[in-house]
A.B. asks: 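Below you will find the structure I want to go over with you.
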Amino acid sequence: MKQGPLPSVDSPDDMTGPTDLPSCGPLPTRVGVTGPAPEEPLGVVAVGPAGAERRAVLATLLNLDPVMLTVPAGSWLVVRNAKVPTRAAFVPGYRQPHSYGADRDAAGPALARPPRRVELSVPEPLLRHFTLIDVPDTATLGAAGNRVLLEAVGRAGALLFVIAADQAFTATELNLLAEVAPTSVEVVFAVTPGAAGWGPLAEGAATTEDAGASVPPTVSGATEATAAAVTVAAHRAALLAAVPALAGARWFPVDDADSAADLRRALVGWSSREGLQRASVNPPVLPGQHERIAVAADPGDWSERLDRQTRSCAQRIRQHLALELANIHLRAVQEIVFGVGCAGLPDLLDREMAALSLLATAQCDQAVRGIITDVAGRVLGAPPAEGVRRRIATAVQYGLVDDRPGQELDKVLLITSTAGVAGLTGPEAIDALASYPAAARSEVLPPVAVALSGGCWQQWRTPGNSDHSAARAWSQRAVREVELGLSREISRRFEVIRLSLGAVLSDAVDHGILLA
């Protein structure tokens, strides 16, 4: 079946937009590692290839049975501290999580689709320092899954990479580590025994002291030539040949509870330092947070500028997302024709929608911050201090609730089995889509949320349903419907921003002072 070109809301030839429109600033074009907000809880994200016994390492750290950490394929596991053990699956399309027992023999709920995340709460002292997050194996993440992982790692603050002695870093894993290396994220490596253990030492093998730079002093217990130390040194040398910026990362051979204790102490030490640093970033009172702010004598055409800014930003974001969706459609066709086939379509599209949601959310957040700074600067006569900007943002948020009764911006777009898009409202519905939930948002707008409904899994994983032409046509219609739905949502969001921000600044101009 011949596929026509995927249409978009706005022509890509008009990416720059009308020349008379003010720019809403550079928008992020992909999801990546960003600095954590001070209020973000500390987290350690565990990742690595299949077969590296990552789950056993985490179970040893937490003093749990590894079976407790089992989740459906493709789901993330978030382990928190709590007095009462609980376990719940967060599934897109539902407002409430699906609970099931937190004991070893508890059976998971029968779900139409894999949950985005499973949250396990257990009474464990280590989890008082940080949340532990386990993600799917690196080989199953794909490009979109890696982008979601990088965003989560940036917020959590630490990455624990687990690899076995008989495994080698793949090109995808090296690219992932290369993106993390220049950031402030703490990277720690754990090496586990392979199928044949650590492997015997060759006769006359050099000691770790003789190995010099090959075995860093941060390797736990590296005081003599041991098979584990030599294996760790070989892995480290292979990594540094491709990613030299990770020379300061710490390495730990882990094969039992005693060796895992060194890793445990290292993670607790990191959390202590990181916690103090984040706490020092956020002052108790921001400049301008409680002061009376006078309005400029001549604010000029701020209202017209606000209109142009909101239209321009909405147009640019719609265009960016239309192009990204066109690329997603191409990757879906490649998966159908050259990959797993029709059965792999739901997994791929759901990962793509998760990454697309993060990108759209980041673009909307940055654009709204830019609009508030620019237009409020016109009204106040100078760029607003951070405390003033937050006061205005809070007032705008109140306006969003008051001005749009019954038209919630907390909306999830769910792709249905008929290639349509259904809506589900409520902050709980949005929370169910997060692989790693964030702290309470300080941004004006709620997150953008897109996912696949359970019907898509049931349709394309049915035995015998392997018509490639039908799958390609379905994916094209689904992507097109997502584009139309996102276009309407983006336009609606910036329209309510225009109305609410305009009302806040109009009050300031009328009274001569900022009332927010």
A.B. asks: Thinking salt bridges, do Arg308 and Glu304 make one under a 4.0 Å N-O criterion?
C.D. replies: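 Result for this pair is no, no salt bridge flagged.
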A.B. asks: Quick test of your reading of the model: are Asp374 and Arg305 salt-bridged, counting only N-O distances below 4.0 Å?
C.D. replies: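 Salt bridge: yes.
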A.B. asks: I'd like to know if the side chain of Thr416 pairs up with that of Thr418 as donor and acceptor (distance under 3.5 Å, no hydrogens or angles considered).
C.D. replies: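 Judged by distance alone, the side chains do pair up.
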A.B. asks: Supply the atom-to-atom distance Leu111 CG to Trp457 CH2, rounded to the nearest 0.5 angstrom.
C.D. replies: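 Reported value, rounded in 0.5 Å steps: 11.5 Å.
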A.B. asks: To the nearest 0.5 Å, how far apart are SG in Cys313 and CZ in Arg498?
C.D. replies: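 Going from the SG atom of Cys313 to the CZ atom of Arg498 covers 13.5 Å.
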A.B. asks: Counting distance only, does the side-chain N/O of Ser357 pair as donor-acceptor with the main-chain N or O of Val450 below 3.5 Å?
C.D. replies: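 Side chain of Ser357 to backbone of Val450: a pair is present.
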A.B. asks: Angle class for the Phe161/Phe189 ring planes (parallel below 30°, perpendicular above 60°, tilted otherwise)?
C.D. replies: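 Rings of Phe161 and Phe189: tilted, as their planes differ by 30° to 60°.
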A.B. asks: With side chain to side chain contact (heavy atoms under 4.5 Å, CB included) as the test, pick out the partner of Leu159 among Ile133, Leu177, Val44.
C.D. replies: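 Answer to the side chain to side chain contact (heavy atoms under 4.5 Å, CB included) test with Leu159 among Ile133, Leu177, Val44: Leu177.
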A.B. asks: Is any NZ, NE, NH1 or NH2 atom of the basic residue among Arg250 and Glu186 found under 4.0 Å from an Asp or Glu carboxylate oxygen of the other?
C.D. replies: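 Answer for the salt bridge query: no.
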A.B. asks: With rounding to the nearest 0.5 Å, note down the distance linking CD in Gln319 to CG in Leu323.
C.D. replies: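 So the gap between those two atoms works out to 7.5 Å.
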A.B. asks: Measuring only between side-chain heavy atoms, which start at C-beta, is His129 closer than 4.5 Å to Asn81?
C.D. replies: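 In short, these two side chains do not touch, never coming nearer than 4.5 Å.
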A.B. asks: Would you mind checking if Glu119 and Arg117 are paired as a salt bridge, meaning a charged N to carboxylate O distance below 4.0 Å?
C.D. replies: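 Yes.
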A.B. asks: In Å and rounded to the nearest 0.5 Å, what is the OG to CZ distance from Ser303 to Arg378?
C.D. replies: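 Between Ser303 OG and Arg378 CZ, I get 12.5 Å after rounding to 0.5 Å.
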A.B. asks: Applying side chain to side chain contact (heavy atoms under 4.5 Å, CB included), run through Val368 and Glu443 and close with a yes or a no.
C.D. replies: CA-CA 9 Å; Val368 170; Glu443 304 294 343; over 6 Å; no
A.B. asks: Rounded to the nearest 0.5 Å, what separation is found between the CD atom of Glu324 and the CD atom of Glu352?
C.D. replies: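 Separation between the atoms: 7.0 Å.
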A.B. asks: Run the salt-bridge test on Glu386 and Arg389 with the 4.0 Å N-O cut-off and return the result as yes or no.
C.D. replies: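 A salt bridge is present here (some side-chain N lies under 4.0 Å from a carboxylate O).
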